[in-house]
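A short write-up of the structure that comes next.
Each chain gets a letter, A, B and so on, in the order its sequence line appears, and its residues count up from 1. Heavy atoms only: backbone and side chains are in, while hydrogens, waters and symmetry mates are out. Since this is a predicted model, take the numbers as computed values, not measurements.
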Amino acid sequence: MSPGHKCDRLRWVDVTWPQVRPAAVAGALLVFLYTLSDFGLVAMLRFETLTWGIQQSFAASFDRSQAAILALLLVVIALVVVAAERSARGQVVTSRAKLATREPVGVITRTLALLIVLAPPLVGVVAPLAGLGARLLEAQTLREIDFSRLGLATGATIAVSALAALVALVIALPLAALAARYSGRGVGSLETLGYLPHALPGIVVGLSLVFFSLAVLPPLYQTTAVLVFAYAVLFMPKALGTARSSIEGVSPDLVNVARTLGARPFSAWARVTLPLALPGLGIGALLVAIATMKELPATARVTLPLALPGLGIGALLVAIATMKELPATLLLRPTGVNTLATELWSRTSAGEFAGAAPYAAILVLVAAIPAMILSGVRRTAKEEL
Amino acid sequence: MTTLGVHNVGLTYGSRTALKDVSLEIPSGSLVAILGPSGCGKTSLLMAIAGLLGIDEGVITAGNRELSRSGKRVPPEQRGIGWVPQEASLFPHLSVRDNIGFGLRKGRRRNERVEELAALVGLGGFLDRSPGQLSGGQAQRVALARALAPSPDVLLLDEPYGALDSVLRHTLARDVARILREEETTAVLVTHDREEALDLADVVVVMDGGRIVQVGTPVEVYESPATPWVASFVGDTVELAGVWRHGTLQCEQCGAADFCEPGDNRPGCSGHVVCALGEVAATAQGYQPVDGEDVRVVVRPEWLAPGSSGIPATVRGVSYAGHDALVEFDMEGQKERVRARIAAPFLPSVGQAFQLTLRHPALVFPLPSGVELA
């Protein structure tokens with residue numbers, strides 16, 4: 001054994017951890033942020049959090065100003081966390097994973113390691129899907145599927161997602177282009193503001209758009225336009241981040257060369273920057289579409305219990321139903337427009353667990369399409385580079 | 001055909017001065033090399049000429065046309081100045097054909113011009129390739145063709161061969177210089193490679209710390225450097241302490257018979273110095289020392305040759321470089337050592353005794369102010 005044998009134990013802490021730390025801290029803060037904006041789970045566990053408070057004041061007493069005050073408080077907390085996350089992320093040192101040395105390991109270690117790395121996909125995908133599939137395949141469930149309604153909800157989901165993706169991209173693009181090429185305090189703060197919706201719980205955005213559309217554009221209240229706009233605002237940071245980094249990835253030298261070859265600034269942008277950033281912009285739009293489609297918190301909470309028969313599903317679902325969750329969709333959707341997520345929601349609220357299963361299944365399938373495109377795009381984008 | 005003029009140009013980034021009082025005339029059809037270490041301001045100067053950077057002081061002109069002054073500049077697309085950046089920077093989403101044709105209007109003439117230029121840079125068969133399928137040298141040729149396509153008045157090349165290996169670098173550099181001369185394009189080449197600058201350029205501009213230190217032909221810059229720093233930047237030097245003496249030596253005495261007459265970019269000798277090499281012919285660079293003044297003496301290793309007369313010297317070490325060797329000598333009765341470049345294949349061995357002659361007047365500079373040589 002080498003004289004450095006004793007150091008093997010220290011190696012990870014001394015070498016890898018310092019480099020991982022900024023990213024790890026940033027990741028932890030992100031989880032914090034999501035937890036902050038989530039309220040279903042905490043409420044279910046009888047924690048009185050801010051989001052829960054907002055929902056209570058809005059739903060129970062219709063005391064909107066009380067809800068607004070609580071929402072503002074939440075915004076302030078979220079701002080602090082976003083700032084912390086950004087400063088942590090700023091220190092990330094990129095290194096090359098390829099250079100890692102591979103050390104021989106025993107069978108037991110390898111199996112254990114395999115189990116550990118397989119845990120996220122198993123817990124996150126395989127278990128819910130298996131449970132969902134089992135429920136779907138029961139004869140009674142199949143008989144109860146209302147195919148026309150299922151089709152309408154699917155269409156609405158896809159249309160709203162695509163529109164939201166487009167709107168989010170259009171909103172994000174100018175700021176992304178600015179942030180990618182210019183630095184400075186003004187640009188930095190603008191960009192941070194752009195990321196803010198990331199930190200906002202859906203319920204806050206929903207509420208503010210309710211206020212906004214009622215006060216400024218009453219005819220738009222509960223129309224698809226407001227719904228699309230809400231999603232676009234909510235998930236715009238996803239488009240902003242990818243758009244920024246993909247524009248940043250286009251070397252300024254290329255733009256300079258285009259200029260010296262006679263291209264005006266806008267023409268250089270259209271002929272060089274845009275085509276080269278396009279794969280990244282597409283990824284951003286797809287991310288928004290996926291996020292919109294899933295309305296993640298709602299589905300995750302509904303599909304997971306469905307997948308765990310025998311674990312007191314009934315009790316859990318009753319708890320969820322009584323929480324009367326009001327995600328952005330429920331607040332803003334036009335009367336009569338049902339998306340997969342709302343169908344799923346209303347059915348589980350009413351205790352029709354079997355009836356909810358096909359909606360959950362279709363939602364998973366539809367969400368899988370952009371995810372597959374996304375992995376394809378990423379691969380080709382890598383090959384291009 | 002226009003002369004490019006840079007007049008007293010200054011540029012600062014925040015508190016850092018990138019360019020300070022830079023003046024330069026680039027006559028039409030010439031190839032000018034801007035030579036300097038990294039961060040000397042040479043790329044900033046190039047980008048200012050291209051219009052990619054604004055300037056804070058001075059004026060940049062092309063003929064009678066004013067291109068840049070503080071707060072005002074003609075945009076890069078209206079200057080008629082081409083640019084070949086470091087590392088080719090081809091548009092990765094376009095074919096070689098569309099890269100070369102980027103600056104041309106669409107039409108039949110465009111295709112003709114593209115093919116003409118591809119042939120000129122020797123890449124006629126590569127038009128439908130994508131940039132990813134080219135080698136570094138080929139990519140750099142495409143970048144040159146792309147910049148030449150719209151027939152710019154001036155072409156700026158920013159360390160265009162920096163990423164290439166030395167053999168390819170040399171061939172390509174010569175090729176490019178030939179093409180530029182054939183096209184009669186005025187060109188400014190930025191480089192930190194002294195051999196490239198001395199070999200290719202009509203005029204070499206030496207920059208340091210945002211200022212121009214010397215402008216001259218390659219021979220002037222190499223044999224009559226304006227400062228000891230320029231001397232050591234454009235070639236190897238041997239630095240010695242010496243004492244200036246008025247009056248030239250007899251040519252037979254100094255051994256530099258071919259060089260003491262002025263002419264051919266050579267200053268001739270204007271006095272002599274006493275130093276570790278004995279009493280040798282010398283030329284004071286840009287000032288007149290007084291008789292008996294302590295001075296800084298700079299000679300080039302290839303100006304020293306072993307011969308039958310001169311100062312006795314013993315070989316201390318040999319640094320072999322194939323075509324020649326730098327040989328370090330201990331000089332008899334002297335603390336200072338000198339290095340001489342001796343052509344292969346007849347190289348001396350350690351301990352061998354010689355007599356060294358200086359074949360070129362030594363360069364004499366004032367001592368750095370406030371420093372006494374021991």
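Around the CZ atom of A:Phe266, the shell of radius 6.0 Å holds no more than 12 heavy atoms that belong to other residues, nucleotides or ligands.
Within the 4.5 angstrom heavy-atom criterion, only backbone atoms of B:Gln86 (N, CA, C, O) approach chain A. At a 4.5 Å heavy-atom cutoff, the contact between B:Ile81 and chain A is made by backbone atoms alone. Using a 4.5 Å cut-off between heavy atoms, A:Ala268 does not touch chain B at all. Contact annotation for B:Ala149: neither backbone nor side-chain heavy atoms come within less than 4.5 Å of a heavy atom of chain A. Residue B:Leu90 touches chain A through its backbone alone, counting heavy-atom pairs closer than 4.5 Å.
The closest donor-acceptor contact from the side chain of B:Arg110 to the backbone of B:Gly101 lies under 3.5 Å. Remark: side-chain polar atoms of B:Glu183 are not paired, donor with acceptor, to backbone N or O of B:Leu180 under 3.5 angstrom.
The pair A:Arg259-B:Glu77 meets the salt-bridge criterion, with a side-chain N (NZ, NE, NH1 or NH2) lying under 4.0 Å from an Asp/Glu carboxylate O.
The candidate with the highest count of non-hydrogen atom pairs below 4.5 Å against chain A, out of B:Ser89, B:Ala50, B:Gly51, B:Gly80, is B:Ser89.
Inter-residue side-chain proximity for B:Arg113 and B:Arg109 is flagged as unmet; no heavy-atom pair is nearer than 4.5 Å. Using a 4.5 Å heavy-atom cutoff, the side chains of B:Leu155 and B:Leu144 are in contact.
Using a 4.5 Å cut-off between non-hydrogen atoms, the part of residues 270-277 of chain A that approaches chain B consists of A:Arg271, A:Val272, A:Pro275, A:Leu276.
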Worked verdict on B:Thr61 versus B:Glu66 for side chain to side chain donor-acceptor pair (under 3.5 Å): CA-CA 4 Å; B:Thr61 55; B:Glu66 189 174 296; over 6 Å; no
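Annotation: cation-pi geometry not satisfied between B:Arg141 and B:Phe126 (NZ/CZ under 6.0 angstrom from ring centroid, within 45° of ring axis).
Of the residues listed (B:Thr186, B:Leu24, B:Ile49), the one engaging B:Leu4 in a side chain to side chain contact (heavy atoms under 4.5 Å, CB included) is B:Ile49, and it is the only one.
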